2 protein chains.
Amino acid sequence: MVELDKCEINCIHDEAVQAVRQALFGEDVAASLAELFKALGDPTRVKILFSLMTRELCVCDLTAVIGISESAVSHQLKILRTLRLVKFRREGKVLYYSLDDDHIEKLFAQGLEHVTE
Amino acid sequence: MVELDKCEINCIHDEAVQAVRQALFGEDVAASLAELFKALGDPTRVKILFSLMTRELCVCDLTAVIGISESAVSHQLKILRTLRLVKFRREGKVLYYSLDDDHIEKLFAQGLEHVTE
DNA sequence: GCAATATATGAACATCTGTTCATTTGTACG
DNA sequence: CGTACAAATGAACAGATGTTCATATATTGC
């Protein structure tokens with residue numbers, strides 16, 4: 001818990017700090033947002049999500065497309081499921097995964113713009 | 001290097017896998033995208049960026065707004081600088097930070113939509 | 001029920017990440 | 001020049017993260 005001890009006197013823009021502090025969303029929202037972005041912040045998951053942008057795929061397909069073990073894919077899918085980024089339907093023994101949400105496509109689009117500019 | 005050994009026979013949708021594989025962006029793009037999202041995937045950095053959406057602020061202000069040590073803020077700012085998410089200008093001893101890019105606001109907007117729906 | 005198969009899950013481990021503490025750099029001003 | 005102060009940097013450490021390996025579910029077809 002850092003308090004405004006020495007710095008408040010000569011350096012801080014007090015009104016600004018107060019204003020921003022008020023506008024700043026709560027700890028929980030910041031945490032949720034960070035959690036979401038963190039989920040997108042892994043090459044494997046980026047590839048999984050991008051793959052699912054084309055069409056729904058089973059775990060086995062994803063394994064082949066991305067080139068890592070089925071277990072690794074499954075673990076990542078669990079994370080993406082928990083955050084409601086992907087959903088799945090069962091067809092016999094096979095589970096078909098797809099994007100749960102069209103926000104992801106927009107997020108990727110924005111992200112790509114930043115990266116490739 | 002996992003090959004399509006046993007699964008290709010009875011489970012994989014071969015054409016789909018090939019197609020997606022072709023469409024899938026390269027290792028480097030995936031890595032860049034992941035790096036960007038990972039940078040956004042930390043509560044402290046989320047707060048920093050959100051704070052800077054309102055107006056430019058000095059490191060000292062950010063310390064007060066967010067309530068963590070100046071060193072911690074500085075370390076995070078370095079990460080954000082490296083990824084061209086924030087920029088700064090010097091005025092005497094004080095460095096004023098601001099957003100480098102309007103993509104961030106859009107990314108946050110999309111992210112918030114997903115989180116708060 | 002049992003073998004086969006697709007996927008999920010748990011434990012373990014090495015690596016990466018964020019913070020703290022100590023030190024340094026850069027700038028202003030007497 | 002030397003002190004003061006904003007900010008940056010480096011080392012170190014605890015905690016989180018992603019993969020692997022081994023094992024467990026769930027479903028199908030015999």
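These numbers were taken from a predicted model, which means no experiment stands behind them. Quick note on labels: first sequence line is chain A, next is B, and so on, each numbered from 1.
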May I ask you to decide whether [X] forms a salt bridge with [Y], counting only side-chain N to carboxylate O separations under 4.0 Å?
| X | Y | value |
| --- | --- | --- |
| A/Glu117 | B/Arg84 | yes |
| A/Arg89 | A/Glu56 | yes |
| A/Lys47 | B/Glu27 | yes |

Using only side-chain N and O atoms of [X], determine if any of them is under 4.0 Å from OP1 or OP2 of [N].
| X | N | answer |
| --- | --- | --- |
| B/Arg90 | C/dG26 | no |
| B/Tyr97 | D/dA6 | no |
| A/Tyr96 | C/dT7 | no |

Check: For DNA chain D, which residues in residues 70-81 of chain B have a heavy atom at a distance below 4.0 Å?
Finding: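 Result for residues 70-81 of chain B: B/Glu70, B/Ser71, B/Ser74, B/His75, B/Lys78, B/Arg81, sorted by number.
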Notebook entry, point to check: Where along residues 27-51 of chain B does a heavy atom come under 4.0 Å from DNA chain D, residue by residue in number order?
Noted result: none
Measure from [atom1] on [X] to [atom2] on [N] and round the result to the nearest Å.
| X | N | atom1 | atom2 | result |
| --- | --- | --- | --- | --- |
| A/Leu83 | D/dT17 | CG | P | 11 Å |
| A/Ile68 | D/dG18 | CD1 | C1' | 9 Å |
| A/Ile66 | C/dT7 | CD1 | P | 13 Å |
| A/Phe88 | C/dA8 | CZ | P | 7 Å |
| B/Lys93 | C/dC29 | NZ | P | 7 Å |

Check: When the ring centroid of A/His13 is compared with that of B/Tyr96, is the distance short of 6.0 Å?
Finding: yes
Check: For residues A/His103 and B/Glu113, is any side-chain donor paired with an opposing acceptor at under 3.5 Å?
Finding: yes
Check: Is there a donor in the side chain of A/Arg81 and an acceptor in the side chain of A/Tyr97, or the other way round, less than 3.5 Å apart?
Finding: yes
Notebook entry, point to check: Quick one: are A/Phe50 and B/Phe25 in side-chain contact, heavy atoms under 4.5 Å?
Noted result: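 Answer yes - side chains close enough.
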Checklist line | Side chains of A/Thr63 and A/Ser69 in contact at under 4.5 Å (non-hydrogen atoms) | finding: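 Counting from C-beta outward, A/Thr63 and A/Ser69 never come under 4.5 Å.
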Check: Given A/Cys60 and A/Val94, is the side chain to side chain contact (heavy atoms under 4.5 Å, CB included) satisfied, shown in steps?
Finding: CA-CA 9 Å; A/Cys60 198; A/Val94 180; over 6 Å; no
